[in-house]
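We number each residue from 1, following the sequence as shown. Hydrogens, waters and symmetry mates are skipped; everything else that's a heavy atom, side chains included, is used.
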Amino acid sequence: MNADQTAWASDDDDDEDEPEQQEALFVLEEAFTQEEGEWQIGFALTQSLEEGSEREWEAEIEYGLTERLQIEAEFEFDQESGENEIGDFELGLAYAIVESEASGEPEVTLGAAILIPSGDGEGDTSGVGFELSLAASQEVTEGVFAHANFGYSDAATRDFGAFRLEQNEWSAGAALAYGFAVEWFVIGEYEFAREAENIGLGAERVSSHTAALGVRGEVAEEFTIGLGGAFVSSGSEQSAQVRFLIQVEF
């Protein structure tokens, strides 16, 4: 669930050519990387509205190593029907291969991460997984931003005696954000994902569609909150969710 901060261009002469940035999405990740020496910490909560009270907590830390390169870490914790499960720990890098240097130009970021198994859940985990991503963000017109994501992940293998569980997923998504007030945006997002799961001699492939709509804004300097809703259709199952995020930058 990538998460961020909005930085509007300054009126100072030195910043006249600095592009605006719209960040902090509910489902996708924006392409803008952190500035050199800048930290960002984000927390997100996804609460299912269906029976079973499924809940997911996510924490993310980003740090700008240079003006183009950032290091990032992500951690997930799931709760469902009274059971708790710790997700894989993600550690990666994101590099702006195309950096927006003026308003109206896109930024394109390439990301790579390793997925370190938590050891939680059934089966014995072997090895580590990996994730590759490509994100693009651009201001299409004043106060309107477009985002696009492509990703592939391959989770660590789990062994169940004579059976092995292998999972991989690829995804693609797009988002549109409209600034209706200074530092406030309404955001619409869509993501398609296809997961393949192979255990023993059987194989299962499931496609999912996620549509989300929400509002986020800066309530204090460098402090952002967001609230949105999402509808998820996965195979023959559908669910509604509420998503809440908090982000601080320093």
Using the side chain to side chain contact (heavy atoms under 4.5 Å, CB included) rule, take Q238 and F231 through it: C-alpha gap first, then chi angles, then the decisive distance, then the call.
CA-CA 7 Å; Q238 290 80 39; F231 178 78; 3.6 Å; yes
To the closest 0.5 Å, what do you measure between CG (L93) and CG (L69)?
5.5 Å
Going by distance alone, is a donor N or O of one side chain under 3.5 Å from an acceptor N or O of the other, for E72 and Q70?
yes
Indicate if L49 and V232 have the same hydrophobic cluster label, given that clusters are the connected sets of ILVMFWY residues with side-chain heavy-atom separations under 4.5 angstrom.
no
Evaluate side chain to side chain contact (heavy atoms under 4.5 Å, CB included) for V215 paired with F26, printing each intermediate quantity in order.
CA-CA 9 Å; V215 176; F26 295 94; 5.9 Å; no
Can you tell me how far the OG atom of S137 sits from the CD atom of E23, to the nearest 0.5 Å?
8.0 Å
Only one of T224, L227, V186 clears side-chain contact (heavy atoms from CB on, under 4.5 Å) with R216; which?
T224
Could you tell me whether the side chain of E183 and the main chain of V219 form a donor-acceptor pair under 3.5 Å?
no
Linking I/L/V/M/F/W/Y whenever their side-chain heavy atoms sit closer than 4.5 Å, directly or via other members, would V242 and F43 fall into one cluster?
yes
Nearest non-hydrogen partners of R68 and V98, listed with the distance
NH1-N, 4.3 Å
Under 4.5 Å side-chain linkage, directly or through intermediates, the cluster mates of Y152
F130, L132, W170, Y190, F192
Measuring only between side-chain heavy atoms, which start at C-beta, is I41 closer than 4.5 Å to F250?
yes
Taking atom types as modelled and ignoring hydrogens, do the side chains of Q22 and H147 form a donor-acceptor contact shorter than 3.5 angstrom?
yes
With R194, the side chain to side chain donor-acceptor pair (under 3.5 Å) member among S171, S207, S208
S207
Which residue pairs pass the ring-ring contact (aromatic ring centres under 6.0 Å, His included) test when at least one of the two sits in residues 53-75, sequence neighbours left out?
W39-Y63
Can you see which heavy atom on A94 is nearest to which on T33, and at what distance?
O-CG2, 4.2 Å
With rounding to the nearest 0.5 angstrom, report the CD to OG distance, E237 to S239.
8.0 Å
Please report the closest heavy-atom contact between V206 and S234, naming both atoms and the distance.
CG1-OG, 3.5 Å
Which heavy atom in L28 sits nearest to a heavy atom in G173, and how many Å separate them?
CD1-C, 3.7 Å
Evaluate Q247 against E249 for side chain to side chain contact (heavy atoms under 4.5 Å, CB included), listing each step before the verdict.
CA-CA 7 Å; Q247 291 175 347; E249 199 170 86; over 6 Å; no
What's the spacing between L176 CG and F185 CZ if we round to 0.5 Å?
11.0 Å
Approximate separation, where rounding is to 0.5 Å, of R243 CZ and L25 CG
11.5 Å
Distance check, rounded to the nearest 0.5 Å: S48 atom OG versus Q79 atom CD?
12.5 Å
Could you tell me whether a side-chain N or O of E189 sits under 3.5 Å from a main-chain N or O of V27, the two making a donor and an acceptor?
yes
pair L45-R55: side-chain heavy atoms closer than 4.5 Å
yes
Could you list the donor-acceptor pairs under 3.5 angstrom formed by side chains in residues 106-117, with sequence neighbours left out?
unit_1, atom_1, unit_2, atom_2, d
E107, OE1, S100, N, 3.3
E107, OE1, S100, OG, 3.0
T109, OG1, A31, O, 2.5

Result of checking Q34, E38, E36 against E67 for side-chain contact (heavy atoms from CB on, under 4.5 Å)
E36
